[in-house]
A.B. asks: 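One structure follows; several queries about it will come next.
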Amino acid sequence: MGTALQAVALTKWFGEGDARTLAVNRVSFEASFGEILYIVGPSGSGKTTLLSMISGILRPNEGQVLVEGRDLWNQSDDAIAEFRLGKVGFVFQDYHLFPRLSTAENVAIPLILKQVPWDQALTRARAFLEVVGLADKGLLPPLKLSGGEQQRVAIARAIASEPDILIFDEPTASLDGDTGRKIVSFVKEHILNAQRCIIIVTHDSRIFEYADRIMNMEDGRLTGIANGGLHEI
Amino acid sequence: MSRAAVPGILKIAFKLLVNDRGKFAALLVGILFAVFLMIMMTSMFAGILKRSSATVLNVGARVWIMDPAVNNVASSIPMPDYVLDAARSIPGVKYAVPLYSSVALVKLRGGTYQAATVIGLDDASLYGRPQLLQGNIQDIYGENAFLVVKDAEFSKLGNPGLGSEFEINDHRGKIVGIAHVATSGLFGIPTLYTTYSRAVSYIPSMRFTAAFILVEPKSTADIPRIQQAVARLGYQALTEEQFVQKVSDFYIYQTGLGTNVLLMTIISFAVGLSISAQTFYTFILENLEKFGALKAIGAKGRELVQMILFQAAFTALTAYGLGVGLATLLMTVARLRLPDYAAEITYLNLALAFVMVLIIAAISSLIGIRKVIRIEPFDIFRG
């Protein structure tokens, strides 16, 4: 398995002087293609901040994010935006689907941002909806779908640009336990492949069984990396 | 790899805008209302200004000689006869004729009185005569003969026909022709034409009688020389355009009309701006997370700016079109009831409203752009 990305001594603080809060403190790790890596820990442990830094959203104060041997944060803003668009797929906690667009149009957004012509983008979006089992829901607005279905639309949107790295932020937070497990199981079976790395931030222990590795964070520090399920943490 | 302008992004922007029907309608109504008011106010003003110069436009003389204190047609100051003689002797003058203009009381057959503008045309040339719809122009030389203008005020004389009679300052008057003019007057009273000599003898006058002297120059190049020569006499010679401008300036700057219309236009603009800016800001706020999500997915700042500018421009231009359409419709309906309804949409009105709409769109979008540029995708992750 090759390395999808490498975090080197990533550090992030907010505020200055006495008000400075250290959110992530010298965290280093590697994520590999073909694996599902969980970042777990209690609220305020720095999981989301770490996720934002490795996905090109939040600039670290110190440290590096190496992708294909190059430091992500040493590049221009446009290049970082291109990285997010081409290399990373996001599934946000609240999905952030556009209620005024159809489901297919929501999925097509990354393709449209990549300048794929509108009709082509929609055709490809419908194909990705088929991958997530929502082929017949393309014309509906997202609000007409159940929570689990909306999650699948968000996944279809995240994979539409065929990214190397998929980022999930609390994917089961808005779902019941059964639906949450089904979603993550589906992701492991159908979305993960040898050319893709999936990083999931969660504190839902019910889905730990699907992880290849689990990173535990507390107070901004990486406190351990375990292979497999919860029992190793 | 750089990405240029993305039409797909604009399509998304369009759908985000128009699919939010409530907000889109509120945005349209705000700007439409402003455009409608601006067009109505400025069109009425343009119509009033044109009406204020009706006699100048209808007579159509190239050069008008008048007392320098005259600032509108209705308040003419009669000039002594020597001015006419002097004008005729100025090199470059092809011919010069007097014009009588005053207001007289007409007693109708039913015994009621009606004020009317009386224009006295030079007896020899009838220079400045109106186009006749009925009757023969030669009949104006007949006894007590008058032409009546068939405009919106025509009915105030009891819709007279050829041969209708009336009294004017205890003189008998007889309609021998029904005429049409390009522009109706401002003051809502009917217009009668007769010869200069009859006007002077029928209507009480001061010592001098020529309200204006109409000059036809031999060539356009002679006009400045004529103006200088007239100025040396202590009078003023203006081309038709200059006279219209002088009358307009009087109404704009020396009456409250210009200020009031300007104030109303500014208020319309402010109302439209406040409604649309506030609604657009709310629209942006409601979609802020979505813009943040787009940024997180990989949209660049300039692409989001394009989306907002497109949304603002599309809304503004649509509302502009609807506003102009509504104003035109209202004026058309008004003209069905009032044929001489004094409102006129000019290119200047349209351009003024268009510029104001662009300013509204620019300010509204600027507020949205500031907000969207500042949104951090990290905030989307933090919820």
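Per chain, numbering begins at 1; letters A, B, ... match sequence-line order.
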A.B. asks: Is it true that atom CZ of Arg370(B) has more than 12 heavy atoms of other residues, nucleotides or ligands lying nearer than 6.0 Å?
C.D. replies: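 Open: at most 12 neighbouring heavy atoms sit under 6.0 Å from CZ of Arg370(B).
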A.B. asks: Look at the side chain of Arg84(A) and the backbone N and O of Ala296(B), then say whether any donor-acceptor pair between them is shorter than 3.5 Å.
C.D. replies: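 The answer is yes, because a donor-acceptor pair under 3.5 Å joins these two groups.
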A.B. asks: Using a cut-off of 6.0 Å, state whether more than 12 heavy atoms not belonging to Arg20(A) lie near its atom CZ.
C.D. replies: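 Yes, the 6.0 Å shell around CZ holds more than 12 heavy atoms from other groups.
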A.B. asks: How long is the span from the CD1 atom in Ile57(A) to the CD1 atom in Ile297(B), to the nearest 0.5 Å?
C.D. replies: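 Reported value, rounded in 0.5 Å steps: 9.5 Å.
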A.B. asks: With the side chain counted from C-beta on, respond yes when Asn19(B) and Phe98(A) share a heavy-atom pair under 4.5 Å apart, and no when they do not.
C.D. replies: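 No, their side chains stay 4.5 Å or more apart.
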A.B. asks: Tell me the closest heavy-atom pair linking Gly8(B) and Ile112(A), and the distance in Å.
C.D. replies: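 Nearest heavy atoms, Gly8(B) then Ile112(A): C-CG2, 3.4 Å.
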A.B. asks: Under a 4.5 Å cut-off applied to non-hydrogen side-chain atoms, are Ser102(A) and Lys15(B) in contact?
C.D. replies: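 Of all side-chain heavy-atom pairs linking Lys15(B) with Ser102(A), none is under 4.5 Å.
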A.B. asks: Count the heavy-atom pairs under 4.5 Å between each of Glu170(A), Met53(A), Glu105(A) and chain B, then report the option with the highest count.
C.D. replies: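 Of the candidates given, the most pairs with chain B belong to Glu105(A).
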A.B. asks: Please check if the number of heavy atoms outside Leu139(A) that lie under 6.0 Å from its CG is greater than 12.
C.D. replies: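 No, the 6.0 Å shell around CG holds no more than 12 heavy atoms from other groups.
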A.B. asks: Verify the neighbour count for atom CZ of Phe29(A): are there more than 12 heavy atoms of other residues, nucleotides or ligands below 6.0 Å?
C.D. replies: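 Above 12, so yes.
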A.B. asks: Between Glu82(A) and Lys300(B), does at least one N-O distance fall below 4.0 Å, as a salt bridge requires?
C.D. replies: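 Salt bridge present between Glu82(A) and Lys300(B).
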A.B. asks: Is the number of heavy atoms from other residues, nucleotides or ligands under 6.0 Å of Glu130(A) CD greater than 12?
C.D. replies: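 Not buried by this count: 12 neighbours or fewer within 6.0 Å.
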A.B. asks: Measure the shortest side-chain to side-chain distance between Asp78(A) and Arg302(B) over non-hydrogen atoms and say whether it is less than 4.5 angstrom.
C.D. replies: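 Yes, their side chains come closer than 4.5 Å.
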A.B. asks: With a 4.5 angstrom heavy-atom cut-off, could you sort out which part of Leu294(B) is near chain A: side chain, backbone, both or neither?
C.D. replies: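 Contact with chain A is through both the backbone and side chain of Leu294(B).
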A.B. asks: Look up atom OG1 in Thr49(A) and atom CZ in Phe378(B), then write down how far apart they are to the nearest 0.5 Å.
C.D. replies: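 Answer for the OG1-CZ pair, Thr49(A) versus Phe378(B), is 3.5 Å.
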A.B. asks: Side chain of Arg100(A), backbone of Arg21(B): donor and acceptor closer than 3.5 Å?
C.D. replies: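 A pair under 3.5 Å: no.
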A.B. asks: Count the heavy atoms of every other residue, nucleotide or ligand shown that sit under 6.0 Å from CD of Gln278(B), and state whether that count exceeds 12.
C.D. replies: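 No.
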A.B. asks: Under 4.5 Å heavy-atom distance to chain B, tell me which part of Leu97(A) shows up: side chain, backbone, both or neither.
C.D. replies: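 Only the backbone of Leu97(A) comes within 4.5 Å of chain B.
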A.B. asks: Please determine whether the number of non-hydrogen atoms from other residues, nucleotides or ligands lying under 6.0 Å from atom CG of Asn260(B) exceeds 12.
C.D. replies: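 Yes, because the 6.0 Å sphere around CG of Asn260(B) holds more than 12 heavy atoms from other groups.
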A.B. asks: Measuring from Leu101(A):CG to Lys290(B):NZ, what's the distance to the nearest 0.5 Å?
C.D. replies: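 One gets 10.5 Å once the value is rounded to the nearest 0.5 Å.
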